[in-house]
Colleague: 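Pasting a structure here, questions to come.
Along the sequence shown, the residues carry numbers beginning at 1. Quick note: numbers below take in every heavy atom, side chains included, and nothing from hydrogens, waters or symmetry partners.
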Amino acid sequence: MLKRITIGGARRIAAAAVALAVVGGVTAVADAAAATDTAAALKDTAPFAVGAAIDQREVSGAVGDLVAAQFDQVTAENHMKPDAWYDANRVLRMHSQAAAIVDFAKNRGLEIYGHTLVWHAQTPKWFFQNSSGEALTTSQSDQDLLRERMRSHIFGVARLLSERAGLFGDGNPVTAFDVVNEVISDGPESDGLRRSEWYRILGEGFIDQAFRYADEAFNGLYAEPGAERPVKLFINDYNTELASKRSRYIALVDRLRARGVPIDGVGHQFHVRLTVPVSAMADAIDAFTTRGVTQAVTELDVPTGTPVTSSLLDAQGTYYRDAFAVFHARASALRSVTVWGVTDSRSWRAADGAPLLFFDDLSAKPALRGALAAAPVPPVELDVATRCVAGRVVLTATVWNTGSATAAITVSTPFGSRALTIAPGGRAAHAFSTRAVSIPAGAAHGTGLDLLAPLEASYAGASCS
Ligand code: G3I
């Protein structure tokens, strides 16, 4: 039996587990579904890079495989922050967790979005103290000392990373870095800047200085000669979805650009919740699209609130779908979208209710299915054929990509689902087989309904008993 059905223009990112169907006492084992209930890889559905914040717990085993399969890039959730680079004796070295992340990224072909070089938090106290342990003042010599500490920190981080994984632009997985983090004030300060120790001692100029040092180190001294700015330099902040905070952010970015500061990108953390309209994230991105910078969603998470219920998880799936639809619609403005963690209980917001894309057992949440479902549908055509081979039913699905862009789709069948990435004009096929002696009509699960309808017709009569 062979059919060709055009499904272009219809949504066909199918998701979900393919359930074991037990009908009439006959078990149809979904052996072709293999290891995962995850339909497509998020990274294959997005024109921007998608990332996850991780630590060493996520670089090996099944979760390491999941990260490598689903994401284009990773960010160290904690271990590339300023204080992570120093031992108890104030000696600069790479934290073992940072090293594990760098090695993982390099070995698995992932990029690293670094976080963060200059921050008011998670920074050693001695940065801001003199040799007697007293707070630095705004004297010229104290300012020079702090500026030199910043320079030495940034150059030291770049050196350690390049020693471990190669020059930037020559195989080093680091391709972006949050140079300054959370420098915007939460209240209406006169210049809109956070009153941090960096600010108290050096004034607004510390931000310029951080970018200039980062540019010299990551795109100069430790960059492959000839590489064109291999590490994109970002400013990063939270609550940019709020108009007041955003206006202060915009004003600073405009000042930095007017002063010729080498800033490439603006980061939006987007630690949101279900009650924040996704239009607020759209507004945040749109506000920067004419400002000569690229952008990134750097720390996305969306807790459900507690107690976590299945209807809240579904609502969260809808939220992630709508959020990713916002990002897809602004793909030309976005370098990457990073989710702040992989599995729910590992999140810093776990207590607020299951904020991420994966359950703790690594299975896909409605949130992941939502993010996948937001991808625009490429035009594809589908053939389905069933046959018997040595008592097994073999169902072969062949998909043609009739569009002009690479298509990342998932074929979902009663016997398993398979993610396929197909070049423009190309085709891909996958054979699913089952030991079932009879194939029960109506046992299909999933959301690829435009595929499943023809499948039902296709497999209904297929019995190899
Ligand atoms: O390292 C110690 C460990 O030795 C100890 O056993 C453990 C006990 O609680 O604490 C560990 O440190 C914790 C660290 O995470 C590593 O797990 C800190 O207490 C904890 O405060 C720290 O929280 C991190 C937080 O930044 C610190 O500011 C979160 O994991 C991390 O997700 C969060 O990330 C920030 C971004 O960098 C910037 N934007 C906001 C975002 C959320 O706060």
Side-chain angles (χ1 to χ4, degrees), residues 75 80-83 85 113-124 127-128 135-140 142-158 174 176-221 229 231-240 242 244-269 284 287-288 291-296 298-299 335:
T75 295
M80 292 190 192
K81 291 173 177 175
D83 63 1
W85 295 94
Y113 182 112
H115 174 79
T116 172
L117 295 172
V118 173
W119 194 18
H120 63 277
Q122 286 180 277
T123 299
F127 261 52
F128 309 110
L136 295 180
T137 69
T138 56
S139 70
Q140 187 66 51
D142 280 4
Q143 288 183 333
D144 289 347
L145 177 63
L146 184 57
R147 244 185 250 110
E148 175 52 26
R149 281 182 181 154
M150 179 199 283
R151 195 198 70 79
S152 154
H153 174 73
I154 291 173
F155 274 75
V157 169
V174 175
F177 229 109
D178 288 332
V179 176
V180 298
N181 191 43
E182 302 173 358
V183 299
I184 302 297
S185 63
D186 290 321
E189 302 290 354
S190 55
D191 55 6
L193 298 183
R194 174 186 295 278
R195 273 29 184 176
S196 67
E197 282 294 85
W198 288 110
Y199 179 91
R200 179 183 66 78
I201 299 162
L202 293 175
E204 178 169 332
F206 87 87
I207 300 169
D208 302 40
Q209 207 66 60
F211 277 99
R212 294 192 195 286
Y213 289 147
D215 197 38
E216 290 169 20
F218 286 85
N219 291 322
L221 186 60
R229 297 182 60 71
V231 180
K232 301 298 179 235
L233 305 179
F234 276 76
I235 188 171
N236 186 40
D237 221 310
Y238 59 85
N239 281 357
T240 63
L242 304 181
S244 55
K245 179 103 178 226
R246 182 161 69 242
S247 67
R248 297 190 282 276
Y249 203 23
I250 290 170
L252 173 62
V253 170
D254 286 349
R255 293 201 295 277
L256 294 176
R257 287 185 47 76
R259 294 198 289 264
V261 172
I263 175 174
D264 298 290
V266 168
H268 306 273
Q269 294 186 8
F288 285 93
R291 296 196 132 74
V293 285
T294 188
Q295 299 185 63
T298 52
E299 304 183 14
R335 181 192 178 281

Colleague: Does any non-hydrogen side-chain atom of Ile235 lie less than 4.5 Å from one of Phe211?
Modeller: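 Contact flag for Phe211/Ile235 side chains = yes.
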
Colleague: First locate atom CG of Asp237, then atom OG of Ser185, and finally report the distance between them rounded to the nearest 0.5 Å.
Modeller: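 Between Asp237 CG and Ser185 OG, I get 9.0 Å after rounding to 0.5 Å.
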
Colleague: Quick one, Trp198 with Val180, criterion side chain to side chain contact (heavy atoms under 4.5 Å, CB included). Give me CA distance, side-chain angles, the key distance, then yes/no.
Modeller: CA-CA 11 Å; Trp198 288 110; Val180 298; over 6 Å; no

Colleague: For residues Pro124 and Asp83, report the shortest heavy-atom separation together with the two atoms involved.
Modeller: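 Here Pro124 and Asp83 meet closest at CD-CA, 3.7 Å.
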
Colleague: Return the minimal non-hydrogen interatomic distance between Ile201 and Gln143, and the atom names on each side.
Modeller: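 Residues Ile201 and Gln143, closest heavy atoms: O-NE2, 2.9 Å.
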
Colleague: Closer than 4.0 angstrom, basic N to acidic O: yes or no for Arg257 and Asp254?
Modeller: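 No.
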
Colleague: If the plane angle is over 60° it's perpendicular, under 30° parallel, otherwise tilted; pick one for Tyr249 and His268.
Modeller: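 Perpendicular: the ring planes of Tyr249 and His268 meet at over 60°.
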
Colleague: Going by salt bridge (charged side-chain N to carboxylate O under 4.0 Å, His left out), name the residues that satisfy it together with Arg149, two or more places apart in sequence or in a different chain.
Modeller: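 Partners of Arg149 by the salt bridge (charged side-chain N to carboxylate O under 4.0 Å, His left out) criterion come out as none, since no residue qualifies.
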
Colleague: Flag the pair Leu136 / Glu197 as yes when at least one side-chain heavy-atom distance between them is below 4.5 Å, and no otherwise.
Modeller: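 Leu136 does not reach Glu197 side chain to side chain.
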
Colleague: Are Arg229 and Asp215 ion-paired here, with the side-chain N under 4.0 Å from a carboxylate O?
Modeller: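 Answer for the salt bridge query: yes.
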
Colleague: Looking at every heavy atom in both Pro82 and Thr116, which two are closest together, and how far apart are they?
Modeller: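 Scanning both residues completely, I find the closest heavy atoms to be CD-O, 3.3 Å.
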
Colleague: With side chain to side chain contact (heavy atoms under 4.5 Å, CB included) as the criterion, how do Leu233 and Val179 come out once you've worked through the C-alpha distance, each side chain's angles and the decisive distance to 0.1 Å?
Modeller: CA-CA 6 Å; Leu233 305 179; Val179 176; 3.7 Å; yes

Colleague: Which atoms form the tightest heavy-atom contact between Gln295 and Ala284, and what is the distance?
Modeller: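 Answer, listing the atom of Gln295 first, then Ala284: OE1-O, 4.0 Å.
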
Colleague: Flag the pair Glu216 / Arg151 as yes when at least one side-chain heavy-atom distance between them is below 4.5 Å, and no otherwise.
Modeller: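 They are not in contact (no side-chain heavy atoms under 4.5 Å apart), so the answer is no.
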
Colleague: Would the Phe177 and Phe218 ring centres measure less than 6.0 Å apart?
Modeller: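 Between Phe177 and Phe218, the centre distance is under 6.0 Å.
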
Colleague: Taking all non-hydrogen atoms of both residues into account, name the closest pair between Glu204 and Arg259 and its distance.
Modeller: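 In this case the closest contact between Glu204 and Arg259 is OE2-NH2, 2.8 Å.
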
Colleague: In Å, rounded to the nearest 0.5 Å, how long is the span from CG of Leu146 to OG1 of Thr138?
Modeller: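 Leu146 CG to Thr138 OG1: 11.5 Å, rounded to 0.5 Å.
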
Colleague: Considering non-hydrogen atoms only, spot the tightest contact between Arg255 and Asp191 and give its length.
Modeller: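 So the minimum-distance heavy-atom pair works out to NH2-O, 3.2 Å.
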
Colleague: Within this structure, what is the NZ-CD1 distance for the pair Lys245 and Ile250, rounded to the nearest 0.5 Å?
Modeller: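 Reported value, rounded in 0.5 Å steps: 13.0 Å.
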
Colleague: Determine, using ring centers only, whether His153 and Phe127 are less than 6.0 Å apart.
Modeller: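 Yes, ring centres under 6.0 Å apart.
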
Colleague: Tyr238 vs Asp186, test: side chain to side chain donor-acceptor pair (under 3.5 Å). Steps then yes/no.
Modeller: CA-CA 9 Å; Tyr238 59 85; Asp186 290 321; 2.6 Å; yes

Colleague: Tell me, please, which residues at least two apart from Glu182 pass side-chain hydrogen bond (donor to acceptor under 3.5 Å, both in side chains).
Modeller: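 side-chain hydrogen bond (donor to acceptor under 3.5 Å, both in side chains) list for Glu182, sorted by chain: Trp119, Gln269.
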
